[in-house]
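In what follows, chains are A, B, ... by sequence order, proteins preceding strands, each numbered from 1.
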There are 2 protein chains.
Amino acid sequence: MNTAGPRTRIQEKNRKAILDAGLDVFSQYGFRGATVDQIAEAAGLSKPNLLYYFATKDAVHAALLEGLLETWLDPLHALDPAGDPLAEVQAYVARKLALSRDYPRESRLFANEILQGAPRIEHALTGELKALVDEKAAVIAGWAAAGQIAPVDPYHLIFSIWAMTQHYADFEVQVSAVLGPAKDNAYPAAGDYLQSLFARLLAV
Amino acid sequence: MNTAGPRTRIQEKNRKAILDAGLDVFSQYGFRGATVDQIAEAAGLSKPNLLYYFATKDAVHAALLEGLLETWLDPLHALDPAGDPLAEVQAYVARKLALSRDYPRESRLFANEILQGAPRIEHALTGELKALVDEKAAVIAGWAAAGQIAPVDPYHLIFSIWAMTQHYADFEVQVSAVLGPAKDNAYPAAGDYLQSLFARLLAV
DNA sequence: GCTTGATTTGACCATTCGGTCAAAGCAACG
DNA sequence: CGTTGCTTTGACCGAATGGTCAAATCAAGC
C-alpha cells in the first residue's frame, strides 16, 4: 500500500482523494501552514483514516513532490537540438504555458517549495535540474553562435520563460484582479503575447 | 506606540527589529507557517515582549504589508507618458529589477500573499493596483497606436515585466542552483538580458 | 534616592497541532 | 454462517500554538 501500485480500488480512490486534497491545501498554505485536519476534511476522510494511507503529513507532501519536478521539466527535455530554433523555443513556451493553465495547483506547490528555500528538493535543483538546463542552454548557445537566432544569454532566456509562463498560475489572483472579471481567461492572449515576444527576441 | 511614530528610541529599535524578523519569517513560511516564537527569537525578544509592541501576530503581518504595495507600485507610477516610450519601459524594468535585488524578502512576502489567494490585500489588487495598471496600460497602448513602439498587449507586457523581474527574488534559490555557486550574482546579466529583450520586443 | 511610567518576563491558559491506539465496522470468501 | 483481513473511527496524547497577566525590572526626572 505504499509507493508500489495500490492494491484495491478503495485504496486507489482514497489515496487519490488525499493527494488531490493535499495539493489544494499545500499549494495554498505551504507545508508548514497546511494541517492534516484540513487535508483530511478536504479529502472527505477522518484524520486517523488519512494517516492510515499516509503515515505522516510529510509523506503526503513528499508523494506530491515526487514526480512533480519531472513533469515540470518534461517540456524542456523535449526541446530538440535538431529542430528549427525559433519553433523549438516557441513550442517550449507553449508547452510550459499549457502546464500553468492545466496544472496551476502543481505550479503553486512548486512555487511554495522554492519560496521556502526548497528544503526538500534542493538536491534535485542542483542535480537533475541544473544538468538539464546546462544541456539545453548549450543547445541554445549553439543556435546563437550559428546565427540561427539572435545572440542571447541562454540561461536568462530559460529563466524568463519559466517566469512568464508560471506567473499566470502562481499569481493568478493578481492577474484576475487586474484584468477584471470579464476577462476570465487570460491564457489565449498570454499565449499570443509570448509567441510574438520570443519571435521578436530571437529573430536574426 | 501604534501606527503613529514611535515615542522612544527603544521603541523604534524594537519595532524595527520585530518587523525585520517578521519579514524574514513571513516571507519564508507565509502567514500561517510563521510562529510568533520564531519571530520573537529572530528579533532577540521574548514572546510577551514582542506582543507588547504588536498586539497580535496579525498586527506584525499587517504592518509589513502596509505600504508594501505602494513601494511595489512606485516604479510603475513613475512611468512617464511624456517620456520616450522604449526608454520609459526599460527604466521601469530596471527599477523593478533593482527592487528585487535590494528587497528580495519583501518580494517573497508579496509572493506568499498572492500565492495564498491574497486574502489581506485583495481589495488593493482590484482597487489601487488595477486602477494604476489600467492607466499605464492605456499609456502604452497609446504609444503603440501612435507607432512609437511595436503593437503589443499592454497588460501582458506589464505582467511579463513583473514576472521576469520578481522571478530573481522569488525563485532565488532555483536561479542560484542553476547558475551554480560561481555566478553568485545573477542581476547584472539579468539586467542586460531584460534591457535587450524589451528593446527588441518594442522596436518599431 | 524616590517615584513614575515604560519595558521585560516567567508562568500560565485554551486551543490546535501531528500522531497513536484499541476497538469497531465491513467486505470477501470458504 | 463464521472467519479473516482490510478499513474506519472516537478517544486520547504530548507538544506547539497564539495570547494573557501579574509581577518584576529598568530608565529618567525630581
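Ring pair Phe159(A)/Tyr155(A) is tilted by interplanar angle, where 30° to 60° counts as tilted.
Ala34(B) comes within 4.0 angstrom of the backbone, heavy atoms only, and of no base. Ile10(A) comes within 4.0 angstrom of the backbone, heavy atoms only, and of no base.
Two residues, Phe31(B) and Pro48(A), neighbour DNA chain D, and the one matched to the more 5' nucleotide by heavy-atom proximity is Pro48(A). Mapping Asn14(B) and Arg32(B) onto DNA chain C by nearest heavy atom places Asn14(B) at the nucleotide closer to the 5' end.
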For Tyr193(A) and Asp153(B): C-alpha separation, side-chain torsions, deciding distance, then whether side-chain hydrogen bond (donor to acceptor under 3.5 Å, both in side chains) applies. CA-CA 7 Å; Tyr193(A) 172 79; Asp153(B) 185 317; over 6 Å; no
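Within the 4.0 Å cut-off from OP1 or OP2 of dA6(C), not a single side-chain nitrogen or oxygen of Gln11(B) is found. Remark: Asn49(B) is not in phosphate contact with dG10(C), judged by side-chain N or O atoms under 4.0 Å from OP1 or OP2.
With rounding to whole Å, Gln38(A) atom CD is found 12 Å from dT16(C) atom C1'. Atom pair Tyr29(A):OH and dC17(C):P shows a separation of 12 Å (rounding to whole Å applied). Rounded to whole Å, atom P of dT7(D) lies 12 Å from atom CZ of Arg9(A). The distance between atom CD1 of Ile18(B) and atom P of dG19(D), rounded to the nearest whole Å, is 13 Å. Here the C1' atom of nucleotide dT8(C) and the NZ atom of Lys13(B) are 12 Å apart, to the nearest Å. Atom OH in Tyr53(A) sits roughly 8 Å away from atom C1' in dT8(D) (whole-Å rounding). Protein atom CD1 of Ile39(B) is 15 Å distant from nucleotide atom C1' of dA16(D), rounded to whole Å. Atom-to-atom, NZ of Lys57(A) to C1' of dA16(D) comes out at 12 Å; the value is rounded to the nearest Å.
Of the candidate nucleotides dT7(D), dA11(D), dC21(D), dT7(D) has the atom nearest to the side chain of Tyr52(A). Taking every side-chain heavy atom of Val36(A) into account, dG19(C) is the closest of dC21(C), dG19(D), dG19(C). The side chain of Asp37(B) has dG18(D) as its nearest neighbour among dG18(D), dT8(C), dT7(D).
In summary, Asp74(A) and Arg95(A) do not engage in a salt bridge, as defined by a charged side-chain N under 4.0 Å from a carboxylate O. Of the charged side-chain nitrogens involved, at least one lies within less than 4.0 Å of a carboxylate oxygen, so that Asp134(B) and Lys130(B) count as a salt-bridged pair.
Below the 3.5 angstrom threshold, one finds a donor paired with an acceptor across the side chain of Lys47(A) and the base of dG19(C).
A distance of 13.0 Å separates CZ of Arg101(A) from OH of Tyr168(A), quoted to the nearest 0.5 Å.
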